Participant: 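Just passing along the structure, written as structure tokens.
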Amino acid sequence: QVQLVESGGGLVQAGGSLRLSCAASGRTFSSYAMGWFRQAPGKEREFVAAIRWSGDNTYYADSVKGRFTISRNNYKNTVSLQMNGLKPEDTAVYYCAADIRQDRVVAGRAEYWGQGTQVTVSS
């Protein structure tokens with residue numbers, strides 16, 4: 001069982017930065033692939049970024065490549081999403097996800113999900 005709690009969301013102006021964090025419970029955190037998703041009002045949830053259990057392989061949606069960076073600390077049981085160059089279209093609730101299989105994370109079929117944190121980017 002893995003429980004995920006996101007933090008770090010807030011209101012920022014376009015061009016600004018935010019750093020989201022996801023704290024995971026459970027002794028086997030280092031075995032799980034992790035990911036971030038987002039859902040804007042009236043839209044479907046979409047993939048943002050994912051990272052392998054070892055941290056040596058990352059994937060990004062085209063819309064955030066070069067602006068967002070996912071990282072993890074297996075000693076602290078955390079995964080982070082550094083978001084730079086934020087745009088109004090990045091406004092959404094951001095969710096952390098975990099699964100033993102990275103392909104399920106990327107596909108949005110992760111076993112565990114957090115409750116989400118709101119990110120609002122003003123123009």
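This is a predicted model, so every value here is computed, not measured.
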Participant: Identify the two heavy atoms, one from Tyr32 and one from Ile100, that lie closest to each other, and give their separation to 0.1 Å.
Facilitator: CD2-N, 3.5 Å

Participant: Are any side-chain N or O atoms of Tyr112 and backbone N or O atoms of Cys96, one a donor and one an acceptor, separated by less than 3.5 Å?
Facilitator: no

Participant: Count I, L, V, M, F, W, Y as connected when their side-chain heavy atoms are under 4.5 Å apart, and connections chain through other members. Are Val105 and Tyr59 then in the same cluster?
Facilitator: yes

Participant: Whether Arg101 engages the ring of Trp53 as a cation-pi pair (distance to the six-membered ring centre under 6.0 angstrom, angle to the ring normal within 45°) should be assessed.
Facilitator: no

Participant: Quick check on the hydrophobic clustering: are Val93 and Phe37 connected, directly or via other members, by side-chain heavy-atom contacts under 4.5 Å?
Facilitator: yes

Participant: Identify, with sequence neighbours excluded, every residue that meets salt bridge (charged side-chain N to carboxylate O under 4.0 Å, His left out) alongside Glu89.
Facilitator: none

Participant: Is the backbone N or O of Glu111 less than 3.5 Å from a side-chain atom of Asp99, with the two atoms forming a donor-acceptor pair by type?
Facilitator: yes

Participant: Is it true that Leu20 and Tyr60 fall in one hydrophobic cluster, defined by side-chain heavy atoms closer than 4.5 Å?
Facilitator: yes

Participant: Which atom names give the shortest non-hydrogen contact between Gly85 and Asp90, and what distance separates them?
Facilitator: O-OD2, 4.4 Å

Participant: Check whether any side-chain heavy atom of Pro88 lies under 4.5 Å from a side-chain heavy atom of Gln13, and answer yes or no.
Facilitator: no

Participant: What heavy-atom pair brings Ile51 and Ser71 nearest, and what distance separates the two atoms?
Facilitator: CD1-CA, 3.8 Å

Participant: Take Gln39 and Glu46 through the test side chain to side chain contact (heavy atoms under 4.5 Å, CB included) and record every step on the way to the result.
Facilitator: CA-CA 6 Å; Gln39 187 167 20; Glu46 65 173 355; over 6 Å; no

Participant: Does any non-hydrogen side-chain atom of Ser54 lie less than 4.5 Å from one of Arg72?
Facilitator: no

Participant: Among Val64, Val121, Val48, Val119, find the residue that satisfies the side-chain contact (heavy atoms from CB on, under 4.5 Å) test when tested with Met83.
Facilitator: Val119

Participant: Please check if the side chain of Thr91 supplies one atom and the backbone of Thr120 the other of a donor-acceptor pair under 3.5 Å.
Facilitator: no

Participant: If you apply the rule side chain to side chain contact (heavy atoms under 4.5 Å, CB included), what do you find for Phe29 with Val2, and how did you get there?
Facilitator: CA-CA 8 Å; Phe29 171 78; Val2 175; 5.5 Å; no

Participant: Measure the shortest side-chain to side-chain distance between Leu81 and Tyr94 over non-hydrogen atoms and say whether it is less than 4.5 angstrom.
Facilitator: yes

Participant: Does the side chain of Thr78 come under 3.5 Å of the side chain of Asn73 through a donor N or O and an acceptor N or O?
Facilitator: no

Participant: Is the shortest heavy-atom distance from the side chain of Thr117 to the side chain of Tyr95 under 4.5 Å?
Facilitator: no

Participant: Under 4.5 Å between any side-chain heavy atoms of Trp36 and Glu6, yes or no?
Facilitator: yes

Participant: Residues in side chain to side chain contact (heavy atoms under 4.5 Å, CB included) with Ala40, at least two apart?
Facilitator: Lys43, Ala92

Participant: Distance alone, cut at 3.5 Å: any donor-acceptor contact between the side chains of Gln102 and Arg52?
Facilitator: no

Participant: Minimum heavy-atom separation for Arg38 to Ser63, with atom names?
Facilitator: NH2-OG, 3.5 Å

Participant: When you compare the side chain of Gln115 with that of Leu4, does any pair of heavy atoms fall below 4.5 Å?
Facilitator: no

Participant: Within a strict 4.5 Å, meaning less than it, do heavy atoms of the Val79 and Ile70 side chains meet?
Facilitator: yes

Participant: Between Ser123 and Ala14, what is the shortest heavy-atom contact and its length?
Facilitator: CA-CB, 4.3 Å

Participant: How many angstroms lie between atom OG1 of Thr58 and atom CE of Met34, to the nearest 0.5 angstrom?
Facilitator: 14.5 Å

Participant: Between CD of Gln1 and OG1 of Thr28, what distance do you get to the nearest 0.5 Å?
Facilitator: 10.0 Å

Participant: According to a hydrophobic-cluster definition based on side-chain heavy atoms being under 4.5 Å apart (Ile, Leu, Val, Met, Phe, Trp, Tyr only), do Phe68 and Val106 belong together?
Facilitator: no

